[in-house]
Asks: 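Pasting a structure below so you can have a look.
For the single chain, residues carry numbers from 1 onward in sequence order. Keep in mind that the numbers below use all heavy atoms, side chains included, and drop hydrogens, waters and symmetry copies. From a predicted model like this one, the values you see are computed outputs, not experimental measurements.
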Amino acid sequence: MHRYLTVLAGCVSLYTAAAHAAPATNAFNPRISLILQGTYADYSNTDEADIPGTVMGPETEFRPEGMSLAESELILESNIDHRFHGWTTLALENEDGETVVAVEEAYINTLALPAGFAMKFGRFFSDIGYLNPVHTHAWDFVDNPLAYRALLANQYGDDGIQLRWVAPTPLLVELGAEALRGDGYPGGGEDRGNINAWSAFAHVGGDAGVGGAWRVGLSHLRTDAVDRVTGEEVETAFTGDSQLSIVDAVYKWAPQGNATERSVVIQAEYLHRDESGSVTADPEGSGDSSRYEGTQYGWYAQVIYGFMRNWRAGIRYGQVSSDNRLSNPVAGTSLETLANAADDTPNRTSVMLDWSPSEFSRLRVQFNRDNSRPDEASDNQIFVQYIFSLGSHPAHQF
């Protein structure tokens with residue numbers, strides 16, 4: 001009776017280790033896979049800029065024009081023993097002509113805590129929101145929504161510890177909390193030697209008729225920053241507290257629960273961030289400072305339709321707004337831009353079509369109508385993307 005709820009709970013609950021644990025009979029220890037990604041990108045407006053009303057985080061620039069190798073992921077994972085499971089993701093990127101290797105995730109899962117509890121510790125993507133813990137190769141679009149780019153620098157990852165609990169009920173009820181170093185945006189800066197961020201999240205989900213399943217979530221991230229220097233055009237330093245709340249919802253349907261031929265996925269998230277502290281424009285130059293009370297919020301909604309075997313089409317719309325107050329909005333600086341962005345509503349519409357010949361390969365084309373710079377003409381963006389998996393890869397979350 002609860003077949004679809006069982007699938008949902010199996011995908012989401014970490015304590016079962018269904019998503020990541022390798023079988024005991026695995027011939028390789030650890031299990032290894034490599035995700036290769038690349039894109040072709042074309043823009044009608046190549047002048048990049050910060051999104052008005054926000055202090056942008058690092059690595060939020062557009063993908064390079066023309067052909068480029070995107071982030072590739074080397075994944076190693078295995079059961080360590082009957083109590084622990086390990087996972088590591090190494091990201092390989094090209095930055096200014098040089099290959100950079102970064103530890104994207106490296107954490108340990110517990111496998112045998114009692115009463116529905118599970119723990120994760122190390123470096124990992126936080127479970128705030130729905131999309132934040134999803135790796136880039138599993139995104140439904142080439143890029144993350146505009147609100148994620150503006151408020152989370154695309155994705156929030158950090159060093160810390162996570163505790164979660166799944167209730168022993170027919171309805172999926174999952175609660176969790178994280179204590180974090182606070183190094184990742186919207187935190188960051190100096191004095192990261194303690195716990196400088198924490199988060200909490202709650203998920204509820206269940207069946208919805210024949211072939212349907214749903215999940216809704218609420219999460220909150222609180223972190224601080226000390227001279228967090230960010231910004232693509234002109235650097236801006238922020239010192240203070242940052243609080244982000246996210247509401248997310250997803251509904252999935254397939255005939256009899258089998259998504260081989262047809263499927264529909266509807267999802268949406270609302271992000272709201274409040275920051276309080278001080279900002280300094282061009283800290284290495286003029287150093288103009290102001291007291292800062294910032295409110296930014298954004299949302300997106302998308303539909304992905306699997307209309308025949310191996311083929312999907314999707315549409316997504318998202319926007320960002322702000323209401324910031326500064327005591328000293330110095331003219332001609334980023335402080336003035338932060339203070340005067342309330343009338344701007346940056347937005348972006350995306351459509352995509354992808355083909356997956358197998359579970360190991362995907363080809364995608366995507367078009368964005370990007371209006372994230374209201375003072376300039378719309379940017380028509382075209383992407384062609386490939387994603388290939390060398391080696392078996394564990395299942396992703398619901």
Asks: Please name the pair of heavy atoms, one in F141 and one in I304, separated by the smallest distance, quoted to 0.1 Å.
Replies: CE1-CD1, 3.8 Å
Asks: Quick one: do D344 and R373 satisfy salt bridge (Lys or Arg N to Asp or Glu O under 4.0 Å)? Show the steps, please.
Replies: CA-CA 9 Å; D344 296 328; R373 294 157 288 183; over 6 Å; no
Asks: Could you go through S372 and D370, starting from their C-alpha distance and side-chain angles, then the distance that decides it, and tell me whether this counts as side chain to side chain donor-acceptor pair (under 3.5 Å)?
Replies: CA-CA 6 Å; S372 58; D370 189 295; 2.5 Å; yes
Asks: In terms of relative ring orientation, are W165 and F117 parallel, tilted or perpendicular, with 30° and 60° separating the classes?
Replies: tilted
Asks: Between S245 and H272, do the side chains contain an N or O donor and an N or O acceptor separated by less than 3.5 Å?
Replies: no
Asks: Rounded to the nearest 0.5 Å, what separation is found between the CD atom of E71 and the CG atom of L69?
Replies: 10.0 Å
Asks: Do V226 and V229 land in one hydrophobic cluster if side-chain heavy atoms of ILVMFWY residues count as linked below 4.5 Å?
Replies: no
Asks: Between T295 and D323, is there a side-chain donor-acceptor contact under 3.5 Å, judged purely by atom types and distance?
Replies: no
Asks: Give a yes or no on whether R291 atom CZ has more than 12 heavy-atom contacts from other residues, nucleotides or ligands under 6.0 Å away.
Replies: yes
Asks: Can you list the residues that meet the salt bridge (charged side-chain N to carboxylate O under 4.0 Å, His left out) rule with E93, with sequence neighbours excluded?
Replies: none
Asks: Looking at CG of L34 and CD1 of I32, how far apart are the two atoms once the value is rounded to the nearest 0.5 Å?
Replies: 10.0 Å
Asks: Any side-chain donor paired with an acceptor under 3.5 Å for Q296 and N324?
Replies: yes
Asks: D224: what forms a salt bridge (charged side-chain N to carboxylate O under 4.0 Å, His left out) with it, not counting sequence neighbours?
Replies: R192
Asks: For the backbone of N380 and the side chain of S44, can you confirm whether one donor and one acceptor N or O come within less than 3.5 Å of each other?
Replies: yes
Asks: Counting N and O atoms only, with roles assigned by atom type, does the side chain of E104 sit under 3.5 Å from a partner on the main chain of A91, one being a donor and the other an acceptor?
Replies: no
Asks: Could you point out which residue of N132, L221, D158 forms a side chain to side chain contact (heavy atoms under 4.5 Å, CB included) with S126?
Replies: N132
Asks: Treating Ile, Leu, Val, Met, Phe, Trp and Tyr as nodes and any side-chain heavy-atom pair under 4.5 angstrom as an edge, say whether Y185 and Y148 lie in one connected cluster.
Replies: no
Asks: Side chains of residues 381-391: which donor-acceptor pairs under 3.5 Å do they make with residues two or more places apart or in other chains?
Replies:
residue: Q381; atom: OE1; partner: N368; partner atom: ND2; Å: 3.1
residue: Q381; atom: NE2; partner: D379; partner atom: OD2; Å: 3.0
residue: Q385; atom: OE1; partner: R364; partner atom: NH1; Å: 2.6
residue: S389; atom: OG; partner: G391; partner atom: O; Å: 3.0

Asks: Under 4.5 Å between side-chain heavy atoms, chaining through other members, with only Ile, Leu, Val, Met, Phe, Trp and Tyr counted: pull out the rest of the cluster around Y270, sorted by chain and number.
Replies: Y297, W299, Y317
Asks: Is a donor from one side chain sitting under 3.5 angstrom from an acceptor on the other, for N144 and N154?
Replies: no
Asks: Determine, step by step, whether R228 and E275 satisfy the salt bridge (Lys or Arg N to Asp or Glu O under 4.0 Å) criterion, reporting the C-alpha distance in whole Å, the side-chain angles of both residues, the deciding distance to 0.1 Å, and the verdict.
Replies: CA-CA 12 Å; R228 180 193 73 196; E275 294 191 320; 3.1 Å; yes
Asks: Other members of the hydrophobic cluster containing L218, with the 4.5 Å side-chain heavy-atom rule, please.
Replies: V247
Asks: With the 4.5 Å side-chain cut-off for hydrophobic clustering, are L326 and F238 part of the same group?
Replies: yes
Asks: Would you call S242 and R222 a side-chain contact if the rule is heavy atoms closer than 4.5 Å?
Replies: no
Asks: Determine whether E261 and R309 satisfy the following criterion, salt bridge (Lys or Arg N to Asp or Glu O under 4.0 Å), listing intermediate values before the conclusion.
Replies: CA-CA 4 Å; E261 298 292 340; R309 182 183 289 266; 2.6 Å; yes
Asks: Do any side-chain atoms of residues 194-201 form donor-acceptor pairs under 3.5 angstrom with protein atoms, and if so which ones, sequence neighbours left out?
Replies:
residue: N196; atom: ND2; partner: R181; partner atom: O; Å: 2.8
residue: N196; atom: ND2; partner: N194; partner atom: O; Å: 3.0
residue: S199; atom: OG; partner: E178; partner atom: OE1; Å: 2.5

Asks: Can you check whether T223 reaches L180 side chain to side chain, under 4.5 Å on heavy atoms?
Replies: no
Asks: Measuring from L175:CG to R164:CZ, what's the distance to the nearest 0.5 Å?
Replies: 10.5 Å
